[in-house]
Structure formats: structure tokens, C-alpha cells
Asker: 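Below you'll find the structure I mean.
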Amino acid sequence: MPELPEVETVVRDLRPLLSGRRLASVQVSMHNLRRPWVKAWATQLVGRRVEEVRRRGKWIVIALDGSLFLVIHLGMTGQLTVVPGTEPVANHTHLRIDLDDGRAQLRFRDVRRFGSATLFTDAAALERFFEKSGLGPEPFDLEARSWREKLRGTDRALKAVLLDQRVVAGVGNIYADESLFEARLHPGRKASDLSAAEAERLRKAVAKVLKRAIERRGSTIRDYVGGSGLRGGYQEEFRVYRRTGQPCPRCGATIVRERLAGRSTHYCRQCQRR
DNA sequence: ATAGGCGCCTGCTGGC
DNA sequence: TGCCAGCAGGCGCCTA
């Protein structure tokens, strides 16, 4: 699911709803997510105050007082919302945390359970976690020179490079395809073959596409909703993703789909030449 | 060290 | 209508 624009939307939605609130009772489901639940969490979380809600790549970080960090990844089908506690509990809801206003509840729902929730007990441990995964720079902070060098240093296909969270954090299958279309680059092009101008075009395209998608509150194909349950709107602006067989908005040629880097990849053969 | 493939899960869609 | 293959916003582990 959720790539950077969706996660950013969740974070922006949750920030005013969670900041300053204290966590009350915690309930976890019997199913493990990607990582098993740790029973001790429930007691560790109770009474903590939310100091900050932020994003790093596709990770949501809820910073609590006492240097505790609840870190959530939405995987493919994760939903993190704050709803009235009286709202019926949807199936596949794995975590519920009551807030101290006595009415609202933070809920984590994840049908496919590819998501995760992890608790870090100090800032250094959280930092080590991101470091160990090699999480790359945020796309809006990408420095032109290091980006160019990074591309020059690998023979992999552009599609694979964009999906690699170590190269740039937050891009997934939708926005990789949309960015490559915006930059008029074939997804199968070898990164090392790009000219400096092409590399720069791609860097700008990624930022432009992600920025616009955030403005539209991300893309909802099936499961994704923002922090207050609202769907996204960027799917209405897709130019290649999931548009196989339809005309290219730029040249009218037919959009094709191919398997690349193990993922469904959409592009225009006319505008995106090898 | 790097790149590719598979498995983890559930649910929906389209073809027969 | 039913069945089954294929597909889905991701990532981590295993191989070569």
C-alpha cells in the first residue's frame, strides 16, 4: 500500500489527534504481525504522553514521553486511524489504544499482516534500527550530486533502484512507475547508463510526483485510508499505473505492463524509450 | 557485496 | 453459480 504520500497523510492526520494525549488501556489481537507482539508493551505504553508523530520513509514514529517510540509500518494493507471508541471494531484490527480523553481510540488494522508495530525504548535504538536497514535519504532532501553518483554506481534497472529503500526512502510501486513516466525514462534502463541530465530529470520527477500525491492525500486503490478514515484521491491522476491498455496522456500510445524487479510495471513505450 | 526469487497473508477479479 | 489461478501500495531472508 502505503507509500510515502499515504504515510505522510496518515501522520498529518494523526498529529493533531494524538499530540499531547496520554495512552490508556491497550488491546492487541491474537494474531502476530510481521513481528510478534511483546506482551510487556501493554504495560509499558499505559500512561505515556504522545510528544510527536512523524514519518521516516514509510515508517510512522509515535514518540512518547520517557523516550519510548512506537514505530509502525503499514505494509500493504495497514490502516492507522483515530476513531471514536464507540465505533464498531472492523475485522483484522490488531491493536487498539484508548486515549485519555475517554472517547477516542487509536486503531491499527491490517488485513494481510505484512505491517508491523515495534516499540523502541530509547532514541539510539531507533536510530540503530534505521541505520541497520540502510534507510536512504528522504526524496525531498535528495542532493543532486549524490543522487547522480548513486545511479552511476549500479547496473540495476531504474525501477529496481527506485524501489530500493536504501537509495531513496518512501518510493513504492505506484510512485516509481509514475515518476519514471514523468521523467520520460524506461523502467528497464540501467541506472549507470543515465546521462547527468536524465538523472536530474528523475530526481525532480520523484519529488514532483510525491508532492502532488501528498496534496491529493495519497492513492486509494483498495484498503488505504488516512488517519481519520478518509480515502486518497491521487488514483484519479495516475498516468500509467494500473492503466494497461489505455492511452498515454502525453502521446496517445497504449500503456503496457511488464514484470520488472519482481513487480508489475507500467509505462508508455513511446514516451519512455530504452 | 550485490542482485534476484520466494515467502509471508487475505481477499478480490476474471476466465473457464 | 463455482472453482482456480493470478494479482495486490512491502519487505526480509535465502541463495548464487
Asker: Arg242(A) side chain: which of dG11(B), dA8(C), dG10(C) is closest?
Answerer: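 Out of dG11(B), dA8(C), dG10(C), the nucleotide with an atom closest to Arg242(A)'s side chain is dA8(C).
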Asker: Any idea how His94(A) and His92(A) line up, ring-wise: parallel (<30°), tilted (30 to 60°), or perpendicular (>60°)?
Answerer: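 Rings of His94(A) and His92(A): tilted, 30 to 60°.
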Asker: So, under a plain 3.5 Å distance rule, would you say the side chain of Arg113(A) forms a donor-acceptor pair with the base of dC9(B)?
Answerer: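 By the distance-only test, no, there is no pair.
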Asker: In whole Å, what separates the P atom of dC6(B) from that of dG6(C)?
Answerer: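 dC6(B) and dG6(C) have their P atoms separated by 13 Å.
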Asker: Pairing check on dC14(C): which nucleotide meets the Watson-Crick or G-U wobble criteria with it, both distances under 3.5 Å?
Answerer: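 Checking every strand shown, dC14(C) finds its partner in dG4(B), with both distances under 3.5 Å.
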Asker: Both Arg112(A) and Leu163(A) contact DNA chain C. Taking the nearest nucleotide for each, which residue is further toward the 5' end?
Answerer: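 Its nucleotide being nearer the 5' end, the pick is Arg112(A).
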Asker: Could you check how far CZ of Arg243(A) sits from C1' of dA8(C), rounded to whole Å?
Answerer: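 Result: 19 Å.
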Asker: Strictly below 4.0 Å: does His92(A) bring a side-chain N or O up to OP1 or OP2 of dG11(B)?
Answerer: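 So the side chain of His92(A) is within the cut-off, an N or O lying under 4.0 Å from OP1 or OP2 of dG11(B).
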Asker: If I take atom CE in residue Met76(A) and atom C1' in nucleotide dC12(B), what distance separates them, rounded to the nearest angstrom?
Answerer: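 Going from Met76(A) (CE) to dC12(B) (C1'), I get 13 Å.
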Asker: Flag the pair Asp223(A) and Arg109(A) as a salt bridge only when some basic side-chain nitrogen lies within less than 4.0 angstrom of an acidic carboxylate oxygen.
Answerer: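 Salt bridge absent between Asp223(A) and Arg109(A).
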Asker: Just the rounded figure in Å: distance from C1' of dG10(C) to CZ of Arg166(A).
Answerer: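 Nearest whole value for this atom pair: 14 Å.
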Asker: What nucleotide, of dA8(C), dC9(B), dG10(C), holds the atom closest to the side chain of Arg257(A)?
Answerer: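 It is dA8(C).
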Asker: Please report the distance, rounded to the nearest Å, between CG in Leu162(A) and C1' in dG10(C).
Answerer: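 Rounded to the whole Å, the gap is 15 Å.
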Asker: Any base atoms under 4.0 Å from Asp110(A), or only sugar-phosphate, or nothing? Heavy atoms, all strands.
Answerer: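 If one applies the 4.0 Å heavy-atom cut-off, Asp110(A) turns out to touch nothing in the nucleic acid.
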Asker: Would you kindly check if the NZ (Lys) or CZ (Arg) of Arg54(A) is within the cone defined by 45 degrees around the ring axis of Phe69(A) and under 6.0 Å from the six-membered ring centre?
Answerer: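 Judged by the rule, Arg54(A) and Phe69(A) form no cation-pi pair.
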Asker: Could you check which of dA3(B), dC12(B), dC11(C) has an atom nearest any side-chain atom of Arg222(A)?
Answerer: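 The closest nucleotide is dC12(B).
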Asker: Measure the distance from CG on Asn173(A) to C1' on dA8(C) and round it to the nearest whole Å.
Answerer: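 In whole Å, dA8(C) C1' and Asn173(A) CG are 9 Å from each other.
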Asker: Roughly how many Å is it from CZ in Arg259(A) to C1' in dA8(C), rounded to a whole number?
Answerer: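 After rounding, the reported distance stands at 10 Å.
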Asker: Do the two ring centres, one from Tyr234(A) and one from Tyr175(A), sit under 6.0 Å apart?
Answerer: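 Yes, the ring of Tyr234(A) comes within the 6.0 Å limit of the ring of Tyr175(A), centre to centre.
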Asker: In whole angstrom, give me the gap between the P atoms of dG7(B) and dA5(C).
Answerer: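 To the nearest whole Å, 16 Å.
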Asker: How many Å lie between CG on Leu260(A) and C1' on dG5(B), as a whole number?
Answerer: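 Those two atoms, CG and C1', are 14 Å apart.
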Asker: Base, sugar-phosphate, or nothing: which does Ser133(A) touch, judged by heavy atoms less than 4.0 Å apart?
Answerer: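 Since no nucleic acid heavy atom lies under 4.0 Å of Ser133(A), the category is nothing.
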Asker: Hey, does Ser116(A) reach any base, or is it just sugar-phosphate, or nothing, if we go heavy atoms under 4.0 Å?
Answerer: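 Nothing, no nucleic acid heavy atom in range.
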Asker: Side chain of Val111(A) only, please: which of dA8(C), dG10(C), dG11(B) is the nearest?
Answerer: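 Nearest listed nucleotide: dG11(B).
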Asker: Can you tell me the distance, in whole Å, between the NZ atom of Lys159(A) and the C1' atom of dG10(C)?
Answerer: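 These atoms are roughly 13 Å apart.
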Asker: Classify the angle between the aromatic ring planes of Phe129(A) and Trp59(A) as parallel (below 30°), tilted (30 to 60°) or perpendicular (above 60°).
Answerer: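 Plane angle over 60°, so perpendicular.
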Asker: Look at Arg263(A) and dG10(C) and indicate whether a side-chain polar atom (N or O) is within less than 4.0 Å of OP1 or OP2.
Answerer: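 It does, given that an N or O in the side chain of Arg263(A) lies less than 4.0 Å from OP1 or OP2 of dG10(C).
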Asker: Name the nucleic acid region contacted by Gly172(A), choosing base, sugar-phosphate or nothing; use a 4.0 angstrom heavy-atom cut-off, strictly under.
Answerer: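 Sugar-phosphate contact only.
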Asker: Is the base of dC8(B) stacked against the aromatic ring of Phe114(A), taking ring centres under 5.5 Å apart and planes under 30° as the test?
Answerer: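 Stacking between Phe114(A) and dC8(B): present.
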Asker: Let me see the working for Glu198(A) and Arg184(A) under salt bridge (Lys or Arg N to Asp or Glu O under 4.0 Å), right down to the final yes or no.
Answerer: CA-CA 9 Å; Glu198(A) 288 174 323; Arg184(A) 303 190 309 281; over 6 Å; no
Asker: For dG10(C) and His73(A) - does any side-chain N or O of the residue sit under 4.0 Å from the phosphate oxygens OP1/OP2?
Answerer: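 For dG10(C), neither OP1 nor OP2 has a side-chain N or O of His73(A) closer than 4.0 Å.
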